[in-house]
Amino acid sequence: MLQKKYTFQTLDELNRICTQISGSDSYRTASGILLQFNNPRLDTDDDKIMDIIREKCGKACLIGITSANIADQEFDISDHPAELNVTYFRTTRLTKYDFDMTQMTGFVAGRVLNEHLQQLPDTKCMMVCYSCGSAVIQAFYEEFSHHKLPMFGVKAGRSIRALNTARVYGSTARADGITAILFSGADLRFYMDNCLGFKEIGVEMTVTQTRGDHIITEIDHKPAVDVYSKYLNVRPNRYFVQNVCEFPLVFHRRNCVISRVPSAYGEDGSIHFTSDVVKGEHFRLSYGNPDHLLRIVDQSAENLRAFRPEAVFLFECGNRVRFLKEAAHQDTAGYRSLFPELSVAVGYAELFFSSTGDGGALNSALVAVGLTEDASAKDTVRTCLNVIRDTPAPEHESAYVPFVDRILHFLETTSGELDSLNRELGRIAHTDQLTRIYNRWELEHKLNEILQLRKSDHAPAALIFMDIDHFKRVNDTFGHDVGDMVLRATVDLIKENLQPKHVFGRWGGEEFIYALPDTPLPEAMAFAEKLRAKIEENCYVTVRHITMSFGVTAVSDTDSPETFVKRADEALYQAKKGGRNRVVGI
């Protein structure tokens with residue numbers, strides 16, 4: 001594998017570069033050729049550029065974006081040359097797909113790719129560049145996510161001042177498209193990491209209302225922009241985005257830390273983003289210390305060096321460039337010193353999906369990818385490099401700690417102590433002491449929250465009321481210690497099926513409630529039947545076998561927590577009356 005970087009400002013320069021590429025021995029003998037076009041300029045003729053590359057380098061797979069240029073005017077990059085980066089592969093095969101998203105949905109594009117992946121079992125990873133909405137790219141990914149294919153890439157950006165059209169490059173330049181490259185081959189190995197570096201501060205908050213896939217309208221049931229006026233004294237005005245870019249919202253999705261930076265605000269108090277947001281998710285504000293961000297990427301560069309890649313691709317968020325200002329060039333300097341021929345794409349969002357599905361569309365991050373055709377190398381994925389390996393600071397009188405570092409350390413430490421205290425108080429106040437699941441008080445709170453969150457979208461939701469059959473016999477025959485063991489063991493069985501949005505708790509005695517947001521009644525019935533069969537099949541240490549009865553119901557628009565639970569309880573009563581050890585839905 002060989003990587004080479006070229007820059008150009010005119011079509012004549014591009015012509016000479018493409019002639020040089022296509023005339024090389026590497027071009028003639030390569031098993032696959034990747035061309036990455038990263039374009040910060042506003043004066044390029046995209047059609048002519050595509051024509052030249054197709055004519056001169058038709059064997060290559062082209063992918064690229066218009067760059068995000070959202071830094072202050074003094075750091076404008078629109079006069080920088082465009083970059084054409086070429087990677088020649090020795091044994092790896094490349095397959096390119098272009099999707100015009102004005103002609104199809106993300107679901108359809110994903111299904112097309114899924115069908116092709118079934119014919120390419122040795123595909124190792126995937127690069128994606130796009131210029132469509134975040135909901136489209138998420139639907140696209142979901143249709144082939146079961147292949148557990150690591151995916152990296154970037155969303156096209158544009159100039160914040162010129163407001164040029166963001167485009168993705170493939171067979172042509174598209175304002176609403178997806179270009180994907182599949183990398184296939186037995187020898188290929190990859191390295192991926194996600195560098196963030198922003199540190200969480202303050203209290204945890206909840207997204208309580210959204211509009212579409214990328215707009216938050218309410219946070220903790222108040223207008224979303226109130227978060228910034230309350231905690232940062234920042235109000236909506238022409239400088240809103242500049243004032244909040246240093247304080248991304250940070251979410252935890254599976255094993256990955258994901259941030260979101262506002263791109264605009266609405267007159268209704270909403271906040272707009274360039275990537276997806278999800279109603280019901282929890283987050284904190286964060287703050288970035290430039291020195292910390294740069295130490296994170298230096299650590300990433302060292303980790304990547306140890307992997308010994310033959311080609312390196314960086315996908316950097318435009319918000320990092322805006323935040324770091326004059327230090328922005330240092331964000332990639334550590335990588336450039338080690339891999340001078342690397343490719344750097346600066347966009348609106350970075351894609352990072354591991355083989356386990358961790359990650360997503362990122363903001364304010366830098367995604368580093370390394371490839372090698374050394375089959376002895378080991379695939380490496382770091383879902384979020386956000387903590388540096390600190391070296392002890394010199395303990396002498398002249399060691400000066402900058403004021404900002406001291407304030408940030410104070411906020412981090414205070415937030416950590418409050419978190420620890422709140423977790424302990426929450427455990428005591430909201431958890432059933434025997435089973436360590438939600439108690440009745442917290443279940444009522446969670447049910448109310450589910451009903452509040454669905455008011456605008458009327459999404460389905462279901463509730464399961466379950467009860468251990470003849471539990472009194474267990475206590476009377478074997479004693480309350482064995483009864484407690486049965487309760488804990490049963491809870492553990494049910495918890496094995498607990499999904500991120502599900503709510504499970506002890507209502508009282510041997511009665512439990514399981515709430516399933518975004519779930520219709522038939523699906524909830526099937527889930528309850530799965531639980532019923534699992535419990536019936538289980539062999540308990542002393543009592544050997546028990547059964548449970550289940551009442552299931554779907555939410556209605558007029559429900560309160562009380563009516564929702566009452567209807568599930570009525571279904572449970574029918575299950576008991578009908579002979580127990582069964583599921584009844586109403």
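Every heavy atom of this structure was used, including side-chain atoms; hydrogens, water molecules and symmetry mates were not.
Side-chain atoms of Asn85 and Gln3, non-hydrogen and from C-beta on, do get closer than 4.5 Å to each other. When side chains are defined from C-beta on, Ile178 does not count as touching Tyr97, because their heavy atoms never get closer than 4.5 Å. Residues Leu35 and Cys57 form a side-chain contact, since some pair of their non-hydrogen atoms from C-beta on lies under 4.5 Å apart. Side-chain atoms of Ile63 and Leu34, non-hydrogen and from C-beta on, do get closer than 4.5 Å to each other. With a 4.5 Å cut-off on side-chain heavy atoms, Val344 and Glu316 count as touching. Put simply, the side chain of Leu249 does not reach to within 4.5 Å of the side chain of Met205, judged on heavy atoms. Between Leu149 and Leu182 the shortest side-chain heavy-atom distance falls below 4.5 Å. Between His116 and Thr95 there is no side-chain heavy-atom pair separated by less than 4.5 Å.
Looking at Arg260 and Asp276, a side-chain N of the basic residue comes within less than 4.0 Å of a carboxylate O on the acidic one, giving a salt bridge. A salt bridge is defined here as a Lys NZ or Arg NE, NH1 or NH2 lying under 4.0 Å from an Asp or Glu carboxylate O, and Asp220 with Lys230 fails to meet this definition.
With Ser286 contributing its side chain and Pro248 its backbone, the two residues share a donor-acceptor pair below 3.5 Å. With hydrogens and angles ignored, the 3.5 Å screen pairs a side-chain donor or acceptor of Arg189 with a backbone N or O of Ala375. Remark: the backbone N or O of Arg174 is not paired with any side-chain donor or acceptor of Arg167 at under 3.5 angstrom. Listed for the Arg284 side chain is no donor-acceptor partner under 3.5 Å among the backbone atoms of Glu200. Of the possible donor and acceptor atoms, none in the side chain of Asp72 sits under 3.5 Å from a partner among the backbone N and O of Glu74. Between the Glu13 side chain and the Gln9 main chain, a donor and an acceptor come within less than 3.5 Å of each other. Under the 3.5 Å distance criterion, the side-chain polar atoms of Glu350 are matched with a main-chain donor or acceptor of Ala365.
The distance from the CG atom of Leu14 to the OG1 atom of Thr19 is 9.0 Å, given to the nearest 0.5 Å. Here the straight-line distance linking atom OG of Ser270 with atom CD1 of Ile215 works out to 5.5 Å at 0.5 Å rounding. To the nearest 0.5 angstrom, Ile296 atom CD1 is 8.0 Å from Leu196 atom CG.
Among residues at least two apart or in separate chains, ring pair (Phe, Tyr, Trp, His ring centres under 6.0 Å) pairs with a member in residues 245-264 are Phe247-Tyr287, Phe251-Phe283. Note on residues 351-379: pairs passing ring pair (Phe, Tyr, Trp, His ring centres under 6.0 Å), not counting sequence neighbours, are Tyr141-Phe353. The ring pair (Phe, Tyr, Trp, His ring centres under 6.0 Å) pairs that include a residue from residues 59-95 are Phe89-Phe183, where partners are two or more places apart or lie in different chains. Among residues at least two apart or in separate chains, salt bridge (charged side-chain N to carboxylate O under 4.0 Å, His left out) pairs with a member in residues 89-98 are Arg90-Glu373, Arg93-Asp122, Lys96-Asp98. Residue pairs satisfying the ring pair (Phe, Tyr, Trp, His ring centres under 6.0 Å) criterion with at least one member in residues 6-30, sequence neighbours excluded, are listed as follows: Phe8-Phe37.
Looking at every heavy atom in both residues, Tyr335 comes nearest to Cys195 through OH-SG, 3.7 Å. The minimum heavy-atom distance between Ser184 and Thr123, with the atom names listed, is OG-OG1, 2.9 Å. Heavy atoms only, all atoms of each residue included: Val261 and Asn363 are closest at N-OD1, 3.7 Å. Residues Arg235 and Ser229 come closest through the heavy atom pair CG-CB, 4.0 Å. Nearest heavy-atom pair, Pro309 versus Arg305, reported as atom, atom and distance to 0.1 Å: CD-O, 4.5 Å. In terms of heavy atoms, Lys155 sits closest to Cys132 at CE-O, 3.4 Å.
With Asn194 as reference, Leu362 is the one residue of Leu366, Leu362, Val257, Val381 to meet the side-chain contact (heavy atoms from CB on, under 4.5 Å) rule.
Judged purely by distance below 3.5 Å, without hydrogens or angles, the side chains of Asn255 and Arg253 never pair a donor atom with an acceptor atom. Remark: the Ser67 side chain and the Asn69 side chain contain no N/O donor-acceptor pair separated by less than 3.5 Å. Using modelled atom types, one finds no donor on one side chain facing an acceptor on the other under 3.5 Å when comparing Ser159 with Asn164. In summary, the side chains of Thr356 and Asp358 do present a donor paired with an acceptor at a separation below 3.5 Å, with no hydrogens or angles considered. When only modelled atom types and interatomic distance are considered, Thr44 and Asn39 share a side-chain donor-acceptor pair under 3.5 Å.
Scored by the side chain to side chain contact (heavy atoms under 4.5 Å, CB included) test, Ala139 finds no partners at all (sequence neighbours excluded).
Under the 30°/60° scheme for interplanar angles, the aromatic rings of Phe144 and Phe140 are found to stand perpendicular.
With ring centers used as reference points, Tyr265 lies 6.0 Å or more from Tyr228.
Atom CZ of Arg161 sits in a crowded spot, with more than 12 heavy atoms from other residues, nucleotides or ligands closer than 6.0 Å.
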